[in-house]
S.K.: 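I'd like to ask you about the structure that follows.
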2 protein chains.
Amino acid sequence: MGRNRATLADVARRAGLSKTAASMVLNGREGTRLSAEAHQRVFAAAEELGYRPNLAARSLRTRKTATIAFVSDIVATTRFAGDLIRGALDAARERDHVLLITETQGDATFEQYAIEAVLDRQVDGVIYAAMATRRLTVPPAILGGPVVLLNATSSDGLPSVLPDDERAGLSVASALLELGHRDAIALIGRNRLKEDDPEVSLAARARLHGIQQALGEADVSLLAECFCTEWLPEHGYAAMRTLLNRSKRPSAIICMNDRLAFGAYQALGEAGLSVPEDISVISFDDDPIAAWLRPSLATTALPHEQMGRRAVELLLDGGVAESPLVPMPLRRRRSLAPPAG
Amino acid sequence: MGRNRATLADVARRAGLSKTAASMVLNGREGTRLSAEAHQRVFAAAEELGYRPNLAARSLRTRKTATIAFVSDIVATTRFAGDLIRGALDAARERDHVLLITETQGDATFEQYAIEAVLDRQVDGVIYAAMATRRLTVPPAILGGPVVLLNATSSDGLPSVLPDDERAGLSVASALLELGHRDAIALIGRNRLKEDDPEVSLAARARLHGIQQALGEADVSLLAECFCTEWLPEHGYAAMRTLLNRSKRPSAIICMNDRLAFGAYQALGEAGLSVPEDISVISFDDDPIAAWLRPSLATTALPHEQMGRRAVELLLDGGVAESPLVPMPLRRRRSLAPPAG
DNA sequence: ATGCTCTGCTAAATCAGTTTAGCGACCACT
DNA sequence: AGTGGTCGCTAAACTGATTTAGCAGAGCAT
């Protein structure tokens, strides 16, 4: 790779100046007393030789690599990961940085390995990302330099970037209240494990709080709450069927995520009920599937791209981040209507 | 990041030996005549100091960085990208390498930038990946070193890794034939642009060929073919509705991808038809949605993780790759049944 | 004539490794 | 005693940049 690249010494020689002079000119150093003509010559030589600095050599001296490590537990499995990475990539490029990506797969050995690998390469900072919003403990090895937590928090007081799930819960419930739903709102996706263990999820509890707060303020209580062991379509399907067997049919359903809502749609379709005429449905995440459903599913979007971007900004610009919370915009779609009758 | 790391000189001093000796011992050099005791002392010193080599310094001398560039047009947008990256990440880790990921967004300026960024960092090789299987032209700048094309080919004769869409087409059609479907098989997703322009897609044409070959051998011809401008659920929905308005109802549908099949399911549900009793459905990709559908959708899996892995293997192990094609396994699921009646 | 400052530039050290060339001690052989 | 070979190890060069310290010459005042 890159054999025969011109070095700084080549540039200096061609310009008839010293390496020192060439280095200073190319780095735009202030306060140097090099003549305008010297500048000219260096630039010309660099241009002609197609000179590009060898960053390995530079970083040996400066201890800067213009490289950020993106260490995450799981990059695949969810299509959101790509957005997180893309946002980070964009922000990094704008700052002339590049991303070294590793995955720990939630395995301690891999994590150890990943961290050594990036530290050995002298990265300028680490973005430690979780694919499910949660609390975690960062490996002490990376604390020697800048770290930002992405989609996670820790007790170390490290800067972090999180989606604002509580406000999302609030807006989801409010959307239904505004339409006139009151006494027949059901919730699908309660889950003790997710709600009680912040190392599993922060989203479940926050979303629930938001929903409860909005409903409480309107003096409304839920018609029913369905517990689900996981937030997958099959669980949403089962929950919806249970709900439909009850004496009073709900006028609106809140699902804790879009996959549950997908399952709920399936059960509603089988029961011959239509959304939103018979039942409104609203949810969280804005998985691409939400827009593909018929009718399209109203939901609150996880701002993954924004979050990835913020993480890099926080890491490199050292911003103090007013708040770690990134808003989750409400996507109003066809699955919402006022209650029937 | 990583301040106060012990250097090789520290290790050598503690072992009471020279840097040369320490370097040789730690690199396990053959043919050196250093005593067993010297080995002991170096290993002990390295261990005690928690020594880790500075890879920037090493690669300055050796011109090896143990880093691979993963340059792709688009990392987000499809949930498959994650799998491609994960496979590459795994294979890279097994070989003590790490991935520098960049995205070009199909933009020439970004691409130029991305390539300079990775070449400046002296990567050992480049994986040039496309998110949709297609033919492309690689930027000449990266040809100075090893390159592997992932999910793409080019006219440069570069090694590449591709999914075997033609065989997938073959197995999809064969699966239907085996079940007894013959004169009422319809195809959703024909698309001239994708089929005719290899820079847009190689998959469409290959899948079609495979299907046609299998049907041809069985002396069967398609009942109908629906053209779709894109392969999104809405197009599958529309196509399916069109098909249902014809005089003869199909006994089986082949969709060119799972998203189209998702749309077809929606239209079938609305029409009160059930899968697979009334109509069988089979498709391509194995998007996670395929398993979530009710009934679960039979499809052929894009082996993205395998492909990512193969690309790294090809790049680092220099394998001659018997064939660039990675098999797409058939996932038999509930959407298949013999024709009714 | 001497000393001082300013200008425009460069030699050399430095970063942390790898690699080449070779040194001193010891032994065996003539 | 002199020569040659092996053993066990090291000094120094090298990679390609940045950075520190300082040099030569011009201009000016004393």
Side-chain angles (χ1 to χ4, degrees), chain A residues 1-42 45-46 49-67 96 119-124, chain B residues 1-43 45-46 49-67 119-124:
Chain A
M1 215 85 239
R3 303 152 311 201
N4 314 334
R5 285 166 63 113
T7 70
L8 185 64
D10 297 329
V11 173
R13 197 173 313 120
R14 184 177 191 107
L17 289 163
S18 67
K19 285 196 314 176
T20 310
S23 171
M24 287 171 155
V25 167
L26 292 175
N27 288 315
R29 272 273 277 262
E30 306 282 314
T32 173
R33 296 179 301 233
L34 293 160
S35 66
E37 205 221 321
H39 277 78
Q40 290 281 340
R41 292 220 305 275
V42 169
L49 295 174
Y51 171 72
R52 304 228 91 220
N54 178 328
L55 297 192
R58 170 181 290 170
S59 64
L60 182 55
R61 187 76 235 257
T62 60
R63 347 213 94 233
K64 295 248 161 279
T65 49
T67 301
D96 269 344
L119 292 183
D120 289 352
R121 286 169 180 81
Q122 321 291 123
V123 296
D124 293 344
Chain B
M1 216 83 240
R3 301 155 310 204
N4 313 336
R5 284 166 65 112
T7 71
L8 185 65
D10 298 331
V11 173
R13 197 173 312 121
R14 185 176 190 107
L17 289 163
S18 68
K19 283 197 315 175
T20 309
S23 171
M24 287 172 155
V25 167
L26 293 175
N27 288 314
R29 272 272 276 263
E30 306 282 314
T32 172
R33 294 181 303 231
L34 292 160
S35 66
E37 205 221 322
H39 277 77
Q40 290 280 341
R41 292 220 306 274
V42 170
F43 285 131
L49 296 174
Y51 171 71
R52 302 230 94 219
N54 178 327
L55 296 194
R58 169 180 291 170
S59 63
L60 183 55
R61 187 76 235 255
T62 61
R63 348 210 94 237
K64 293 249 163 276
T65 50
T67 302
L119 291 184
D120 289 353
R121 285 169 180 80
Q122 321 291 123
V123 296
D124 295 342

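First the proteins, then the strands, lettered A, B, ... as listed; each starts at 1.
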S.K.: Nearest whole Å is fine: how far is C/dC15 P from A/Lys64 NZ?
M.R.: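 In whole Å, C/dC15 P and A/Lys64 NZ are 17 Å from each other.
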S.K.: Flag the pair A/Arg52 / B/Leu119 as yes when at least one side-chain heavy-atom distance between them is below 4.5 Å, and no otherwise.
M.R.: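 They are not in side-chain contact.
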S.K.: Strictly below 4.0 Å: does B/Thr7 bring a side-chain N or O up to OP1 or OP2 of C/dA16?
M.R.: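 Answer no for this pair, as no side-chain N or O of B/Thr7 is under 4.0 Å from OP1 or OP2.
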S.K.: Can you check whether B/Gln122's main-chain N or O pairs, donor with acceptor, with B/Thr65's side chain at less than 3.5 Å?
M.R.: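 Pair found, side chain donor or acceptor close to backbone of B/Gln122.
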S.K.: It should be established whether B/Arg63 places a side-chain nitrogen or oxygen under 4.0 Å from OP1 or OP2 of nucleotide C/dT18.
M.R.: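 No, outside the criterion.
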S.K.: So what does B/Arg58 touch, heavy atoms closer than 4.0 Å: a base, only the sugar-phosphate, or nothing?
M.R.: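 Touches sugar-phosphate only.
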S.K.: Less than 4.0 angstrom between a side-chain N/O of A/Ser35 and OP1 or OP2 of C/dC9, yes or no?
M.R.: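 So the side-chain polar atoms of A/Ser35 do come within 4.0 Å of the phosphate oxygens OP1 or OP2 of C/dC9, strictly under.
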S.K.: How close or far is atom P of C/dA11 from atom CZ of A/Arg13, stated in whole angstroms?
M.R.: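 After rounding, the gap between these two atoms is 13 Å.
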S.K.: Could you tell me the separation between the CG atom of B/Leu8 and the P atom of C/dT18, rounded to a whole number of Å?
M.R.: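 From B/Leu8 CG to C/dT18 P: 6 Å.
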S.K.: Please work out if A/Thr20 contacts a base, only the sugar-phosphate, or nothing of the nucleic acid, heavy-atom cut-off 4.0 Å.
M.R.: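 Answer is base: heavy atoms of A/Thr20 come under 4.0 Å of a base.
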S.K.: Indicate whether OP1 or OP2 belonging to D/dG16 is found under 4.0 Å from a side-chain N or O atom of B/Arg61.
M.R.: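 Indeed not, no polar side-chain atom of B/Arg61 lies that close.
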S.K.: Could you tell me the separation between the CZ atom of A/Arg33 and the P atom of D/dG25, rounded to a whole number of Å?
M.R.: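 So the CZ-P distance, A/Arg33 to D/dG25, works out to 16 Å.
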S.K.: Which residue lies toward the 5' end of DNA chain D, B/Ala36 or A/Ala22, if each is placed at its nearest nucleotide?
M.R.: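 The answer here is B/Ala36.
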S.K.: Figure out the CZ/C1' separation between B/Arg52 and C/dG17, and round it to whole Å.
M.R.: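 Between C1' of C/dG17 and CZ of B/Arg52: 15 Å.
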S.K.: Could you tell me how far apart A/Met24 (CE) and C/dA11 (C1') are, to the nearest whole angstrom?
M.R.: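 Distance, rounded to whole Å: 12 Å.
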S.K.: Spell out, as yes or no, whether a donor-acceptor pair under 3.5 Å connects the side chain of A/Ser23 to the backbone of A/Lys19.
M.R.: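 Not at all, since once roles are kept as given, no pair shorter than 3.5 Å links the two residues.
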S.K.: What is the distance, rounded to the nearest whole Å, between atom CG of B/Leu60 and atom P of C/dT14?
M.R.: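 Distance check: B/Leu60 CG to C/dT14 P gives 17 Å.
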S.K.: Looking at every strand, decide which applies to B/Leu17 at a 4.0 Å heavy-atom threshold: base, sugar-phosphate, or nothing.
M.R.: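 Here B/Leu17 touches the backbone only, sparing every base.
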S.K.: Round to the nearest Å and state the distance from B/Leu55 atom CG to C/dG17 atom P.
M.R.: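 These atoms are roughly 9 Å apart.
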S.K.: Side chain to side chain donor-acceptor pair (under 3.5 Å) between A/Arg121 and B/Thr67: does it pass, once the steps are laid out?
M.R.: CA-CA 9 Å; A/Arg121 286 169 180 81; B/Thr67 302; 3.2 Å; yes
S.K.: Under 4.0 Å between a side-chain N/O of A/Asn27 and OP1 or OP2 of D/dT18, yes or no?
M.R.: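 For D/dT18, OP1/OP2 do have a side-chain N/O of A/Asn27 under 4.0 Å.
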S.K.: C/dT18 phosphate, OP1 or OP2: any side-chain N/O from B/Ser23 under 4.0 angstrom?
M.R.: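 Checking B/Ser23 against C/dT18: at least one side-chain N or O falls below 4.0 Å of OP1 or OP2.
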S.K.: Classify the side chain of A/Lys19 and the base of D/dG16 as holding, or not holding, a donor-acceptor pair under 3.5 Å.
M.R.: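 No pair found.
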S.K.: Before giving the answer on side-chain contact (heavy atoms from CB on, under 4.5 Å), spell out for B/Leu17 and B/Arg41 the whole-Å C-alpha distance, their side-chain angles and the decisive distance to 0.1 Å.
M.R.: CA-CA 9 Å; B/Leu17 289 163; B/Arg41 292 220 306 274; 3.8 Å; yes
